[in-house]
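Each remark here refers to the structure printed beneath this line.
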Amino acid sequence: MRWAAWTICKREVKSLFVSPIAYVVLGLFALASGILFRLGMEQFDNFLKDPQIQMQLAQSPDFLNLVNINSFLVINVTQVTFTLLLIAIPFFTMRLLTEERVNHTYELLKTSPCSNWDIVLGKFLASAFFLFLCLLSHGIFLTLMFWYGNPEPLPIVSAYLGLFLSGLTFVAVGLFASAITHHQIIALMISFAINVGLVVISWGANNTFERLSNFLQQASISHHYEQFNQGIIQVSSLVYFISVLVLFLGAGRIAVQAASRA
Amino acid sequence: MAGDVTSGIEVFDLEKQYGLTTALHGVSFKVPEGEIVGFLGPNGAGKTTTMRILTGYYLPTKGDAKIAGYSVLKNSDEVRKRIGYLPETPPLYTEMTVQSYLQFVLELKGIKKKIAQENLEWALESCGLSHKRNSVIATLSKGFRQRVGLAQAIVHKPPVIILDEPTVGLDPLQIQEVRKLIQSFRGKHTVLISTHILSEVTANCQRAIIIHRGKIIHEQAISDLSDRQSLEEVFLSVVTKDEVQGSSKEVAA
């Protein structure tokens, strides 16, 4: 069976790698990750060399459970990467559908036998693939870490799953923003605003109303991401990510449908 | 009239509103299978809106249209399988090469791989693009881009082809080639061409439909034109007459 979303996805990925932008972004991402790992490693090394810490370690070996490479290096790196994705993804997604309008290629897609879902999912899958490639660049450093050290693999898998899901959410938000406007800059601003909103919503959680506090906490993407980053995979967090993805992709589909219903 | 009308285009009482503006007021016409028809009208008359409804890009506010027997309202998917459309601005991914772009269009239209290659070669040949197949679209001149736009409209060999100003930006030699190509569709494809160039209609089409202010005001078989009355004269007289009638109605109201 033919799936038009797959056709659209393949074209999007091909077009992405025709221009130098994809290579530049991937290169910069790998560079930033390299710097992060290097700094984190140095910090961890200095920490272990500290005479006071060495004394403490000699007294109670259990202390190593607290100062391991996972909590010192990986969690820090993934946390900074989360912020990096929050800022970088809107720049990547702002052109996804605005360009289709400006180049009039919407007319080709919408007069072909493919649904609005195909258009949205095709673009989403292509962006998800690129996000996966960006995160894959961390593989270089993780491989080195496993080569020379003995980190726990499962919390790392959980942290990267959280990072990938958060990245997918930012992509869905960006896709929605690019579907509702002709202008890339406006799409960029809207996705920034929504992404930041999804993070800062938990800032209001320290209030006296328990239910409201709980709701604001649960509505925040950083809360659920933190769970994954700590190595805790909760069903509620998975449900959160799936719901937000469906919400923004669904809204994107409606916006794509409305684009030709002038 | 030759041909079976159900395999062509049938338009019933189309209305389209954009907010408070009514772009189409009950447009109805028929294009039988295999006929090439010119769709004429001044700027803003409703040509592009009608074409966009026929291709499933817009939904009509009222009325319906049938393409090869399928309703644009009820069977939009079937309509979109059977239609080739060249919009006013060719819908091009300029970073792609001509060949990869047309391959993408073939896949998007659901053409099986077995016959896709044959269709691709035919479209490249027909539109004079064989020597440009590996060129990136962004590097092509306006004329060649227009040809790529035309190639994407015909590459899947649809029974109904809708062309919005197909010769814009082409030089006289290219215009002649496109005319030849369009004429080769006669009897095989149903073609609706919107244009401002009246000589193009006389050269290519069997019939002209004139739209003005969102209404069909005249239909004319090209063979009925005499030496004394050219299509240009017919066009100017019916449009001016409609303009005068419209103004007098506005004054009376």
Side-chain angles (χ1 to χ4, degrees), chain A residues 1-25 92 95-123 125-126 130 182 184 253-262, chain B residues 16-19 21 23 48-49 51-61 67 72 75-97 100-101 103-113 136-138 145 149 152-153 155-156 158 160 162 164:
Chain A
M1 201 183 86
R2 186 186 69 99
W3 192 35
W6 181 237
T7 309
I8 293 170
C9 168
K10 279 192 297 185
R11 193 212 65 76
E12 191 70 33
V13 171
K14 271 186 208 162
S15 287
L16 201 64
F17 284 98
V18 163
S19 78
I21 299 169
Y23 301 100
V24 172
V25 172
F92 176 75
R95 43 159 284 281
L96 282 178
L97 287 160
T98 48
E99 231 172 42
E100 299 280 345
R101 280 191 205 231
V102 174
N103 294 340
H104 299 268
T105 38
Y106 246 144
E107 274 179 280
L108 168 66
L109 297 179
K110 301 196 77 172
T111 57
S112 297
C114 67
S115 68
N116 296 316
W117 267 125
D118 287 325
I119 299 174
V120 172
L121 289 180
K123 296 270 174 186
L125 285 178
F130 190 67
H182 287 75
Q184 296 198 359
R253 192 205 75 92
I254 294 169
V256 167
Q257 185 177 6
S260 66
R261 297 287 183 255
Chain B
K16 178 69 186 171
Q17 274 189 311
Y18 299 109
T21 316
T48 300
T49 303
M51 290 185 152
R52 283 181 164 177
I53 292 174
L54 294 182
T55 54
Y57 188 68
Y58 281 166
L59 276 181
T61 312
I67 302 288
V72 293
N75 309 96
S76 180
D77 255 5
E78 294 301 322
V79 166
R80 287 183 285 170
K81 274 182 203 166
R82 288 166 174 78
I83 216 152
Y85 176 45
L86 169 65
E88 229 170 322
T89 313
L92 306 173
Y93 292 103
T94 51
E95 70 281 3
M96 297 176 94
T97 63
S100 56
Y101 170 70
Q103 280 166 339
F104 163 70
V105 174
L106 279 164
E107 205 178 323
L108 194 66
K109 303 282 181 185
I111 302 298
K112 287 189 182 125
K113 274 194 179 160
V136 174
I137 297 173
R145 287 183 190 207
Q152 67 78 28
V155 71
H156 52 302
V160 177
I162 293 181
D164 202 349

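Worth knowing before you read on, the calculation uses all heavy atoms, side chains too, and leaves out hydrogens, waters and symmetry mates.
Proximity to chain A is absent for every atom of B:Val79, based on heavy atoms less than 4.5 angstrom apart. Residue A:Glu99: no heavy atom, backbone or side chain, is found under 4.5 Å from chain B. Proximity to chain A (any heavy atom under 4.5 Å) is restricted, for B:Gln152, to the side chain, taken from C-beta onward. There is no contact between A:Lys14 and chain B, counting heavy-atom distances below 4.5 Å. With a 4.5 angstrom heavy-atom cutoff, B:Arg52 touches chain A only via side-chain atoms.
Across B:Asp77, B:Leu92, B:Val136, the residue that shares the most heavy-atom pairs under 4.5 angstrom with chain A is B:Leu92.
The closest side-chain heavy-atom distance from A:Val18 to B:Tyr93 is not below 4.5 Å. Between B:Met96 and A:Arg11, some side-chain heavy-atom pair lies under the 4.5 Å cut-off.
Counting all heavy atoms, side chain and backbone alike, A:Leu108 lies closest to B:Tyr101 at CD2-OH, 3.8 Å. The two residues B:Leu108 and A:Cys114 come nearest to each other via the heavy atoms CD1-SG, 4.2 Å.
Contacts of B:Thr49 classified as side chain to side chain contact (heavy atoms under 4.5 Å, CB included), with partners at least two apart in sequence or in another chain: B:Lys16, B:Tyr18, B:Ala23, B:Leu24, B:Ile53, B:Tyr58. Applying the side chain to side chain contact (heavy atoms under 4.5 Å, CB included) test to A:His182 and every residue at least two apart in sequence or in another chain returns A:Arg101.
Considering B:Arg80, B:Lys109, B:Glu107 as possible partners of A:Ser112, the one that fulfils the side chain to side chain donor-acceptor pair (under 3.5 Å) test is B:Lys109.
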